[in-house]
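Chain naming here is simple, since letters A, B, ... match the order of the sequence lines and numbering starts at 1 in each. Nothing here was measured: the structure is a model prediction, and the numbers come from that model.
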Amino acid sequence: RTLNESNMEKTFEELEMTLIRNDVAVDVASEICEITKRNIVGEKVGIFSLKKSLLDALRVAIQEILSMDDISFSLLDRIQEKKKTNQPYVILVLGVNGTGKTTTIARLCKLFKDHKISTIVAASDTFRAGAIEQLSIHMENVGIRVVKGQYNSDPASVGYDAIDSAMAKGIDVVIIDTAGRQITNKNLMEELKKIKRVNNPDLTLFVGDSLAGNDVLNQAEAFNSSLGIDASIITKVDADAKGGAALSIAHITKRPILYIGIGQGYDDLKPFDPEWFVEKLLG
Amino acid sequence: KFGKSLDNMIRKIRKLPRIDKDALKLVIQDFQRALLSADVNVEICLAVTENIKKKAFNEKIATGIARKDFVIKLIHDELVTLLGGNQNVRKLKSNRLNIILMVGIQGSGKTTTVGKLSHYYRSKGFKVGVVSADTWRPGAYQQLDQLLTPLRVPLFGEPEEKNALKIVKKGIRHFTNENVDIIIVDTAGRHKEEKNLMNEVQKMEKMIKPDEVILVIDGTLGQQAYSQAKAFSEATHVGSIIVTKLDGSAKGGGALSAVAATNAPIKFIGVGERIEALEDFIPSKFVGNLLG
Ligand SMILES: Nc1nc2c(ncn2[C@@H]2O[C@H](COP(=O)(O)OP(=O)(O)OP(=O)(O)O)[C@@H](O)[C@H]2O)c(=O)[nH]1
Ligand SMILES: Nc1nc2c(ncn2[C@@H]2O[C@H](COP(=O)(O)OP(=O)(O)OP(=O)(O)O)[C@@H](O)[C@H]2O)c(=O)[nH]1
Ligand SMILES: [Mg+2]
Ligand SMILES: [Mg+2]
């Protein structure tokens, strides 16, 4: 029989609910189902394979969102490329409160170290209680230098100092840790814009919590429109998060998800695998 | 954006000349979508809309109320009921030692909330002492120290000690001798898959027998809220919930699931990073915000 609006309706409602149950933002879930529906309307399927055809088409639609042509994006390669110019590769890390930015930076430092890439970190969260101590202890554990200032000093200039230091010492990468902030806080969003303007990062990295629901879409959208997100990392996937957050983020930023955080240890960072992810989402 | 959709829905209902079964069906669909966008658990959404469908046409309406206002009231009341109604939250007892145990997922806002609660109870005249029992997170003790020093609230901790149970035991003993009214214990973040950590917090509760276990829930928590909260209520007797980061863009719908899973009421909400950013939880206000 031929696929049309009415025979697909019920199955698509179920598929949309599956995505929502797995923390894909409602707007993203319905948009993906709409796109898939439009793509397969008019196709012929066997009487028993309706659900399977819809599921396959949905799988393709999701894969497309996740495997945008930036999937050839290898962070390690880009760092090596930048190395040839004798300039440090600067990464600006941002996100809302408590998503795992600081811990992720520690894991990135370990990853770079394992690949013989030297790193220096800027403690640009000069606001939150214990932020500088937390980052310093992490860096001490991984064996990485931190550039820090006083609490309440200007975050942008701490980043600037770190870049200066990296240039002087020939360090490959500078990672700038920033304070968590709510997208509804205009002053903090302006502060972040200034940090980016002053430090001109090669990569603006969004760190999202995979346990967050629809709000992760608001977050990614806001940071993307006011600062531009080049890539994302989602954390706490080990908490049995269904991972829908990755889809919401990829959909709105049109940029790759580079890694997923799967624990609190220094090695608990895995490259994001779109195929594994789609199975998890639709399984 | 979600607030907009529910707000528009309420406007749509008001514009309708009347509500018949078809109009109600559309209203329910909009409502369901709005709840899901606010992170309310899928099963709870379906159950709530089922209830509203039944009641909207089976209940006798008081004369003078348009059926559409009745539907809006049903939606509002249904959600307030889910939040444990407007029931009275247990107060702490004065003239004796109260122990509060803070638990929750990594990054949910426990440590910051410990600071806020210390300030809150101190302003109510209680003598507060805090035990830093997070042996995992680097700088956890320093974070509490920086939060509590301006409040002049004493802190007990041993940053080098790896055994959380040992620290808690020592801390409680220390503050019992100091004649403190309330001891708040800050713990490491943990989630339901970390079985050893869930066991640790269960052991901790058995050992210190707290007067209240507070589950701290991140306002952005999505569809995982129910199963995560359930795991905490199986490991400890969660007495109340605090929902944080509601000053942001999140609607906090996950909080409804947490209440359903733990049967514990929400006591406070976190509305910022400052020490005073703690508000009493008011169900109808929360639902009003959820409903745009
Ligand atoms: N289980 C688990 N915990 C994580 C993961 N990533 C981070 N965490 C934990 O989440 C908590 C918050 O991490 P932080 O690195 O402090 O988060 P942050 O984004 O820097 O927080 P703010 O700077 O306060 O906004 C810590 O307890 C981390 O150990 C992860 O992938 N899995
Ligand atoms: N905007 C806002 N931020 C908050 C609120 N509560 C906590 N935070 C922030 O959320 C982040 C995490 O808070 P913590 O208190 O470190 O969270 P935690 O649960 O103790 O984290 P772990 O100990 O790693 O599990 C910090 O940046 C806090 O300042 C709130 O109500 N509003
Ligand atoms: Mg941080
Ligand atoms: Mg903490």
Side-chain angles (χ1 to χ4, degrees), chain A residues 16-18 20-27 29-30 96-103 106 127-141 151 179-185 208-219 221-222 235-236 238-242 244-245 263-264, chain B residues 1-2 5 33-43 45-46 105-109 111-112 115 136-149 159 188-194 218-225 227-228 231 244-245 247-254 272-273 275:
Chain A
E16 191 176 348
M17 270 310 177
T18 301
I20 292 175
R21 272 200 184 87
N22 290 335
D23 277 317
V24 177
V26 172
D27 289 345
S30 57
V96 305
N97 307 76
T99 57
K101 298 176 289 303
T102 305
T103 314
F127 167 75
R128 203 208 69 211
I132 299 177
E133 287 81 356
Q134 179 190 12
L135 184 63
S136 301
I137 296 173
H138 270 312
M139 292 303 110
E140 208 174 303
N141 292 342
Y151 274 102
R181 65 203 65 221
Q182 296 297 324
I183 59 175
T184 47
N185 189 320
D209 187 336
S210 65
L211 292 172
N214 283 269
D215 196 55
V216 91
L217 183 66
N218 296 330
Q219 297 168 20
E221 185 170 33
T235 61
K236 309 180 200 171
D238 52 307
D240 193 24
K242 305 305 179 189
Q264 297 176 240
Chain B
K1 200 181 248 183
F2 154 77
S5 69
R33 186 191 175 82
L35 284 183
L36 289 173
S37 300
D39 294 320
V40 178
N41 172 280
V42 172
E43 315 320 319
C45 275
L46 299 177
I105 297 174
Q106 286 89 347
S108 56
T111 304
T112 310
W136 286 90
R137 175 164 158 159
Y141 176 87
Q142 292 88 328
Q143 182 181 7
L144 266 179
D145 191 31
Q146 289 170 21
L147 287 171
L148 299 175
T149 300
R190 66 202 72 217
H191 57 68
K192 70 183 174 81
E193 300 302 312
E194 293 165 325
D218 191 319
T220 64
L221 191 53
Q223 292 294 324
Q224 277 294 305
S227 55
Q228 295 286 349
T244 63
K245 309 177 197 172
D247 49 306
S249 44
K251 288 293 171 173
E273 295 187 78
I275 212 83

Is B/Leu144 close to chain A through its backbone or its side chain, or both, or neither, when contacts mean heavy atoms under 4.5 Å? neither
Under 4.5 Å to a heavy atom of chain B? For A/Thr102 that would be neither
From CD1 (A/Ile132) to CD (B/Gln143), nearest 0.5 Å: 12.5 Å
Hey, are the side chains of A/Arg21 and B/Val42 touching, using non-hydrogen atoms and a 4.5 Å cut-off? yes
Please state whether the side chain, the backbone, both or neither of B/Asn41 comes within less than 4.5 Å of a heavy atom of chain A. neither
Rounded to the nearest 0.5 Å, the NE2 atom of A/His138 sits from the CZ atom of B/Arg137 at a distance of 7.5 Å
Do A/Lys236 and B/Gln224 make a side-chain contact, defined as non-hydrogen atoms from C-beta onward lying under 4.5 Å apart? no
Does any part of the side chain of B/Lys245, heavy atoms only, come nearer than 4.5 Å to the side chain of A/Asp215, both counted from C-beta? no
Does any non-hydrogen side-chain atom of B/Gln146 lie less than 4.5 Å from one of A/Arg128? no
Heavy-atom check, side chain of A/Leu211 versus side chain of B/Ile105, under 4.5 Å: yes
Tell me, for B/Arg190 versus chain A, whether the close heavy atoms (under 4.5 Å) come from the side chain, the backbone, both or neither. neither
Between A/Ile183 and chain B, with a heavy-atom cut-off of 4.5 Å, which part of the residue counts as in contact: side chain, backbone, both or neither? side chain
Between B/Ala250, B/Gly109, B/Ala225, which has the largest tally of heavy atom pairs under 4.5 Å with chain A? B/Ala250
So which residue, B/Gly219, B/Gly272, B/Gly248, ends up with the most heavy-atom pairs under 4.5 Å with chain A? B/Gly248
Does A/Lys242 reach the side chain of B/Gln223, with side-chain heavy atoms less than 4.5 Å apart? no
side-chain contact (heavy atoms from CB on, under 4.5 Å) filter on A/Asn185, not counting sequence neighbours, yields A/Asn187, A/Leu188
Which answer fits B/Glu273, side chain, backbone, both or neither, if we ask what part of it has an atom under 4.5 Å from a heavy atom of chain A? side chain
When the 4.5 angstrom heavy-atom criterion is applied to A/Ala239 and chain B, the contacting part is both
Mind listing the closest non-hydrogen atom pair of B/Gly139 and A/Ile137 along with its distance? N-CD1, 3.6 Å
Any donor and acceptor pair, going by atom type alone, linking the side chain of A/Asn214 with main-chain N or O of B/Leu36 inside 3.5 Å? yes
Indicate yes or no for a side-chain donor-acceptor contact from B/Ser249 to the backbone of A/Gln219 under 3.5 Å, with no hydrogens or angles considered. no
Which atoms of A/Glu140 approach chain B - backbone, side chain, both or neither, heavy atom under 4.5 Å: neither
Under 4.5 Å to a heavy atom of chain B? For A/Gln182 that would be side chain
Using side-chain heavy atoms (C-beta onward) and a distance below 4.5 Å, is A/Asp240 in contact with B/His191? no
